[in-house]
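Count residues from 1 along the sequence. This is a predicted model, so every value here is computed, not measured.
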Amino acid sequence: MLRTVITAAIGLGLLATGCAPDSEAPVKVSVLSLSSNGKYVPTQVELTTIEDIVGLKGTVGDLQGGARIVIDVNDPALNNATEETIGEVLLKKAGHDVKASYISQKDPATGEDILWPADFHSWNMVTSYYNLERANEYFRTVGNMKSIDFEPVPTLYYFPEFVIAQNSKDPARDNAIFYPILQSFLVLPFEEIQRAPLPLNAGVMTHEYSHLVFNRLAYASQSFPLSLITWSQESPSQGANVLKSFDEGLADYHAYGATCRSPHGCDPAFLSSSFDNGPFSAVTAERDISKGDRCMSQQLWNNLVGQDVNTFSGGGNEYKVGTILASALFQAGRAQNQEAVLQRAVVAAYYDTSPTNPGIFQLTERFLNNQLGFTLALPALAIIGHVSDLELRKAVCNEFVDHLRIPREWLIGDNYCPASTSAGATCPSIVIE
């Protein structure tokens with residue numbers, strides 16, 4: 001569908017200019033954006049952070065093409081690698097600056113030059129940059145983050161060869177990834193996802209950008225988060241399982257929040273525009289956070305507290321727990337009409353040095369040698385403690401107890417959940433030992 005849209009857009013009688021495009025921000029350019037009728041259409045936008053419109057570099061990202069990244073535990077070069085050099089080992093080919101091509105058109109209303117991407121990859125790349133810019137803007141405004149929190153500027157590897165040797169000798173396809181070891185994004189070639197490639201999906205790109213934010217704050221920018229590395233060596237890996245679940249769930253929650261600032265409007269099923277009736281279509285229904293019947297099951301709870309991190313992740317359990325978490329936050333914020341307030345509180349909960357209201361990172365440090373003490377309640381308390389509005393806080397407490405089945409007594413206390421917190425009747429009780 002998108003190739004047809006792109007071809008039609010280029011065939012509008014536009015004339016190529018003889019000069020290189022002006023890279024000084026702001027730059028007016030057309031991208032493919034989800035419209036109010038749910039279709040991806042050419043949309044005129046303004047890039048405010050771009051520094052090189054051809055190479056697609058700016059203060060929110062730096063696109064690189066032609067990279068080759070290989071993850072192979074049997075690679076002998078890993079034997080001497082350190083945390084500082086492992087990126088160089090994995091990055092077999094660093095790639096090169098991308099080169100987007102444009103056609104210039106005068107806006108008949110204003111007389112200003114509008115740049116139209118001249119081929120599919122240019123559309124894909126400039127839309128990728130725009131979606132990074134939108135995600136950054138969401139966290140700066142709604143999340144109240146400072147520009148320093150986003151430094152250094154991450155690389156976005158566009159269509160790299162990304163090989164996970166233990167899975168396949170062939171490069172992976174159909175995914176967008178934040179890879180913390182490289183502190184970079186990977187937008188992989190698409191093969192089965194035909195409706196809307198993932199970099200065009202603003203919700204997907206915000207989800208990945210949320211992982212960057214979680215890493216910068218809840219993991220203090222550690223490429224190898226100490227808590228995850230330490231806890232993953234033990235079995236069961238409750239603390240690691242909880243952290244991975246929160247990382248995924250909060251990424252979905254923020255992806256939803258960012259869609260509310262788009263022409264299409266709030267989209268709790270933001271994956272649907274990419275995963276449409278194809279081999280991944282079931283993902284859309286499973287990750288729709290607007291569903292009010294998302295419940296922690298006995299089996300899922302047992303997996304969370306009883307499995308090692310590889311078994312837990314291998315079953316996709318962090319996404320299942322994460323969806324319940326995101327849905328609980330969605331229900332609470334929507335019911336109180338305070339979604340932006342709650343989104344800001346969530347980001348504030350990632351890192352806080354206050355001894356009486358610590359952030360998630362500070363809590364991981366406290367329990368580094370006791371991951372069984374890092375229960376589902378701890379990061380939940382970090383969020384609750386940063387919700388200042390009493391009615392909103394009570395709503396979050398009730399949703400956590402009801403849907404995540406966190407025992408109410410684990411959450412009640414000064415500056416946390418009130419004694420009136422109750423589970424409600426939405427989800428069945430489970431046995432928690």
When the side chains of residues 177-189 are checked against the rest of the protein, which donor-acceptor pairs come out under 3.5 Å, sequence neighbours left out?
unit_1, atom_1, unit_2, atom_2, d
Q183, OE1, R216, NE, 3.4
Q183, NE2, P180, O, 3.0
Q183, NE2, N215, OD1, 2.9
S184, OG, L182, O, 2.8

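- The two residues R344 and T141 have their closest heavy-atom pair at NH2-O, 2.6 Å.
- With a 4.5 Å cut-off on side-chain heavy atoms, F246 and L243 do not count as touching.
- For the residue pair Q371 and G239, the shortest heavy atom distance occurs at OE1-N, 2.8 Å.
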One pair to check against side-chain contact (heavy atoms from CB on, under 4.5 Å): I383 and L250. What are the steps and the verdict? CA-CA 11 Å; I383 292 174; L250 296 178; 4.2 Å; yes
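- In this structure a side-chain-to-backbone donor-acceptor pair under 3.5 Å is missing from S122 to P117.
- Ring geometry for Y158 versus H121: interplanar angle over 60°, hence perpendicular rather than tilted (30 to 60°).
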Assess the residue pair Y350 and D149 against the criterion (side-chain contact (heavy atoms from CB on, under 4.5 Å)); give the C-alpha distance rounded to whole Å, side-chain angles, the decisive distance to 0.1 Å, and a yes or no. CA-CA 12 Å; Y350 290 172; D149 294 323; over 6 Å; no
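- Between V321 and L304, the shortest heavy-atom distance links the atoms CG2-CD1, 4.5 Å.
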Q338 and V387: CA distance, side-chain angles, deciding distance, side-chain contact (heavy atoms from CB on, under 4.5 Å) verdict: CA-CA 11 Å; Q338 296 198 68; V387 178; over 6 Å; no
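- The residue from I71, V70, L90 that alone fulfils the side chain to side chain contact (heavy atoms under 4.5 Å, CB included) condition with F162 is I71.
- When every heavy atom of T375 is checked against every heavy atom of V242, the shortest pair comes out as O-CG1, 3.9 Å.
- When side chains are defined from C-beta on, R287 counts as touching H207, because their heavy atoms get closer than 4.5 Å.
- Side-chain contact between C397 and Y416 is absent, with no heavy-atom pair separated by less than 4.5 Å.
- Here the side chains of F367 and S227 are not in contact, with every heavy-atom distance at 4.5 Å or above.
- Scored by the salt bridge (charged side-chain N to carboxylate O under 4.0 Å, His left out) test, D97 finds K57 as partners (sequence neighbours excluded).
- Contact annotation: the side chain of S245 approaches that of E318 to within less than 4.5 Å [non-hydrogen atoms, C-beta and beyond].
- Atom CG of N415 sits about 11.5 Å away from atom CD1 of I384, to the nearest 0.5 Å.
- A salt bridge between D72 and K92 is absent, with no side-chain N of the basic residue lying under 4.0 Å from a carboxylate O of the acidic one.
- Looking at T155, its side chain never comes within 3.5 Å of a backbone N or O of Y157 through a donor-acceptor pair.
- Centroid-to-centroid, the aromatic rings of F214 and Y219 come within less than 6.0 Å.
- A distance-only check finds no donor-acceptor pair linking the side chain of D402 to the backbone of N398 [under 3.5 Å].
- Surrounding CG of N370 are more than 12 heavy atoms belonging to other residues, nucleotides or ligands, all under 6.0 Å away.
- Checked by atom type and distance alone, the side chain of T206 never pairs as donor or acceptor with a backbone atom of A135 at under 3.5 Å.
- Between H254 and V347 there is a side-chain heavy-atom pair separated by less than 4.5 Å.
- Listed for the T364 side chain is a donor-acceptor partner under 3.5 Å among the backbone atoms of F361.
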When you look at D352 and S354, which way does the side chain to side chain donor-acceptor pair (under 3.5 Å) test go after all the steps? CA-CA 6 Å; D352 191 332; S354 168; 4.5 Å; no
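- Formation of a donor-acceptor pair under 3.5 Å by the E133 side chain with backbone atoms of V60 is not found in this model.
- A distance of 11.0 Å separates OG in S313 from CG in N303, rounded to the nearest 0.5 Å.
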Output, in order, the C-alpha distance, side-chain angles, deciding distance and verdict of side chain to side chain donor-acceptor pair (under 3.5 Å) for Y256 and E339. CA-CA 10 Å; Y256 156 75; E339 290 184 292; 2.6 Å; yes
side-chain contact (heavy atoms from CB on, under 4.5 Å), that's the test. Do W410 and L378 meet it? Break it down for me. CA-CA 9 Å; W410 292 7; L378 284 187; over 6 Å; no
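- A donor-acceptor pair under 3.5 Å is absent between the side-chain atoms of S327 and the main chain of I324, judged by distance alone.
- With values rounded to the nearest 0.5 angstrom, K28 atom NZ is found 4.0 Å from E46 atom CD.
- The distance from atom CD1 of I86 to atom CG of D75, rounded to the nearest 0.5 Å, is 9.5 Å.
- In this structure, Y209 and F150 have tilted ring planes: the angle between them lies in the 30° to 60° band.
- In this structure, OH on Y129 lies 4.0 Å from CD1 on I50, to the nearest 0.5 angstrom.
- Side-chain N or O atoms of T85 include none that pairs as donor or acceptor with a backbone N or O of E88 at under 3.5 Å.
- One finds the OG atom of S420 at 8.0 Å from the CZ atom of R408 (value rounded to the nearest 0.5 Å).
- Looking at heavy atoms from C-beta onward, F400 lies in side-chain contact with L325 at the 4.5 angstrom threshold.
- Judged by distance alone, the side chain of N201 and the main-chain N or O of F270 form a donor-acceptor pair under 3.5 Å.
- Distance alone, capped at 3.5 Å, is enough to place a donor-acceptor pair between the H403 side chain and the R294 backbone.
- For the residue pair Q331 and G292, the shortest heavy atom distance occurs at NE2-CA, 3.6 Å.
- The shortest distance between side-chain heavy atoms of P42 and W123 falls below 4.5 Å.
- In terms of heavy atoms, R366 sits closest to P355 at NH2-O, 3.1 Å.
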